[in-house]
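Proteins come first, then strands; the chains are lettered A, B, ... in the order of their sequence lines, and each starts at number 1. It should be emphasised that the depicted structure is a prediction, and the values quoted were computed from it without experimental measurement.
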There are 2 protein chains.
Amino acid sequence: MKPVTLKEIAETLGISITTVSKALKDYPDVSKKTKRLVKELAQTLNYKPNAFAVNLRTKESKTIGLIIPEVVHHFFSSVIKGIIAQAEKKGYLVIILQSNESYELEKKQLDLLFSKRVDGVLISLANGTGDFKHLNDLMAQETPLVMFDKIAKIVNCSKVIINDRKAAYTATKYLIDSGCKRIAHFRGPLLPQNSIDRFLGYKQALVDHGFVYDPSLVYILDAMSFDEGNYYAAQLLKDHKDVDGIFINTDLVAIGAINELNKRGVKIPDDISIIGFSNWFMSSVISPTLTTIDQPGYLMGKTAFKLLYKEIKKRKNNQAVVYEEVELPTELIIRESTK
Amino acid sequence: MKPVTLKEIAETLGISITTVSKALKDYPDVSKKTKRLVKELAQTLNYKPNAFAVNLRTKESKTIGLIIPEVVHHFFSSVIKGIIAQAEKKGYLVIILQSNESYELEKKQLDLLFSKRVDGVLISLANGTGDFKHLNDLMAQETPLVMFDKIAKIVNCSKVIINDRKAAYTATKYLIDSGCKRIAHFRGPLLPQNSIDRFLGYKQALVDHGFVYDPSLVYILDAMSFDEGNYYAAQLLKDHKDVDGIFINTDLVAIGAINELNKRGVKIPDDISIIGFSNWFMSSVISPTLTTIDQPGYLMGKTAFKLLYKEIKKRKNNQAVVYEEVELPTELIIRESTK
DNA sequence: CTGAAAGCGCTTACAG
DNA sequence: CTGAAAGCGCTTACAG
């Protein structure tokens, strides 16, 4: 059974394709009777407009692209959910691509999305991305782009972020206030803005509270995995016997660290306090439960789509586009891993 | 900057659109020189074929649809990752929709995907789905469909599954072998085949080992959430003081149950042993770590796409399509929550 | 080796 | 109120 076309309906009814098309879209210049006839037949035949043709005519696909570093990831899957939900409300579909933290893949995928002629792109950058030409190229070709979470400050487009620096400051200050004297930091890779900002927040909190910043207490992680949490927790114990607090860039790593410290009989939080970042669901069920920064993933997804949608609409109506930067609130969630 | 078209390249070079098109696609009947000229200019102008037009002509979109009950879910996100990875290898893009376990939504989304003219659809059914007309309708319109994990036996299409019944049998038998005398089961809703099969495996293992099947030990859950794990664990303690083992349909629920039992001072596994299902990452880091059935999500995603791809190719070449049912292996992962 | 022409299935400005 | 016609940007069978 081939899909039904306008032509088929027109021939069956003995009227023109034009009239069928207009009837289905409730144009005011079609008689009620014709509309009724057309709509009934369309219903019976289960007619659905061929999106390929509609896209070609209207030059929109009602589809957006989403590039995300990693799909199996509590925070990002919450973001995905928010994006899909909001997109669906506005009649948009979402194509998802995973960059695997690779700049090369991210570039290729952006190209792919462009040739698909998606109406816009949402992106959270790969750790490997240090050059932004691919993003600017896409925008130069009139494809709206909105960045979220892992952004590049230098790229001129709308963005949805949290204040990583402030949140990291709050976390570190909490460790200080609870009595920690020697606070380490497990940071993310060098390129991503959010790992830079979290590091800066950590450092600032120390300095503001009379601590001497000691670079040897900062460990630069790469994969941000559970295993790295294991590894660097062990490393830290070896390097610095006096550490009594760690602020860790991501919950997954923090959970790895807790796992290692538990195994070695280090008491959390009595010997060492730990704060993570992101509030993964897991963090509320491990033992001890993890103090962390809650980052609103679902809301971030919804907001990112909203900004993109606004831009798509503006461009369509030839209105000036004003880039917006929306900062979402974070919250320190205090649990058992801190005093 | 408007996207570049074939026409533009043709005019610049003073040749026909036909020749440009053929040159770019390396048709043998175009001179080397012309090919070189065309390709160079296309490169310079960053020409990408307009997918809308290509789709309309070729009647394929190189895009598939994926409908999944819930995105924020360890198992399903692994499946998504597998699908995206395999699809990308074959030059396909993936549109993701979330049914939220709702039959109505699932139906609407299938319609949407059909009007988008995706080349095929991968689906894992919503808990609410008890009628399958929407699936058969889609296939009647020549859209290939492959089901995975949450399938309907009665629908005639390719499927990727695990042997839920056997896996549940293995899990329950393990509880029996480790000395449990009174084994409860937290099962999923009534409609999904996998919650039925897991229940049947549980029951069979009991019967095969000389237990009397007691329906009051089976709790029917709805949301399959952490909170339900809390709730039904408490309920179970109230109803049956003699229970010493629970086989639970999903890790997330099992983790909720462990959480509640820990809180109430029930010793796991000494007082009550627990086995979950799915091997969520979380299960290896909670305390006690959870014995569970490992379900290969990533592999399931890859396999599902492969079957779909095969069917798309066959149809394209007008070859007969043979539906396949692939059963993936599961594994009992023994951890601390059992003796 | 090159290109004119038809056509994929729509939408919409325009004429009647 | 209805419909003929142009056109979106490609691909490909066909003629030369």
[atom1] of [X] versus [atom2] of [N]: gap in Å, rounded?
X      : N       : atom1 : atom2 : answer
N50(A) : dC10(C) : CG    : P     : 5 Å
K48(A) : dG9(C)  : NZ    : C1'   : 17 Å
I9(A)  : dG3(D)  : CD1   : P     : 15 Å
K7(A)  : dA4(D)  : NZ    : C1'   : 15 Å
I15(A) : dA4(D)  : CD1   : P     : 11 Å
L37(A) : dT2(D)  : CG    : C1'   : 14 Å
L56(B) : dA6(C)  : CG    : C1'   : 13 Å
E60(B) : dT12(D) : CD    : P     : 10 Å

*State whether K59(B) places a side-chain N or O below 4.0 Å from either non-bridging phosphate oxygen (OP1 or OP2) of dG9(C).*
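Checking K59(B) against dG9(C): at least one side-chain N or O falls below 4.0 Å of OP1 or OP2.
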Is there a donor-acceptor pair under 3.5 Å between the side chain of [X] and the backbone N or O of [Y]?
X       : Y      : value
D119(B) : S61(B) : yes
S77(B)  : H73(B) : yes
K25(A)  : V20(A) : no
T63(A)  : V94(A) : no
E101(A) : E70(A) : no

_Side chain of R57(A) (C-beta onward), nearest among dC10(C), dC8(C), dG3(D)_ =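 So the side chain of R57(A) is nearest to dC10(C).
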*For K89(A), does the NZ atom sit with more than 12 other heavy atoms under 6.0 Å from it, leaving out its own atoms?*
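Atom NZ in K89(A) is not packed in, count stays at 12 or less.
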*Less than 3.5 Å between a donor and an acceptor, one on the side chain of T18(A) and one on the base of dA4(D), is that the case here?*
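Yes, the side chain and the base share a sub-3.5 Å donor-acceptor pair.
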_Contact list for DNA chain D against residues 20-36 of chain B - heavy-atom distance below 4.0 Å_ =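 Under 4.0 Å from DNA chain D: S21(B), K22(B), K25(B), Y27(B).
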*Are the charged groups of K48(A) and D111(B) less than 4.0 angstrom apart, N to O?*
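Yes, charged N to carboxylate O under 4.0 Å.
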*Would K108(B) and L112(B) satisfy side-chain contact (heavy atoms from CB on, under 4.5 Å), going step by step from the backbone distance to the final call?*
CA-CA 6 Å; K108(B) 221 181 277 175; L112(B) 239 177; over 6 Å; no
*Which sits closer to the 5' end of DNA chain C, V54(A) or T19(B), going by the nucleotide each is nearest to?*
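Comparing both residues, the 5'-ward one is T19(B).
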*Closer to the 5' end of DNA chain C via nearest nucleotide, is it I17(B) or T5(A)?*
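So the residue in question is I17(B).
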*Do the side chains of I67(A) and L110(A) get nearer than 4.5 Å, heavy atoms only?*
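Contact flag for L110(A)/I67(A) side chains = yes.
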*Can you run through DNA chain C from 5' to 3' and write each base as (, ), [, ], | or . depending on how it pairs? Watson-Crick or G-U wobble, both distances under 3.5 Å.*
|||.||||||||.|||
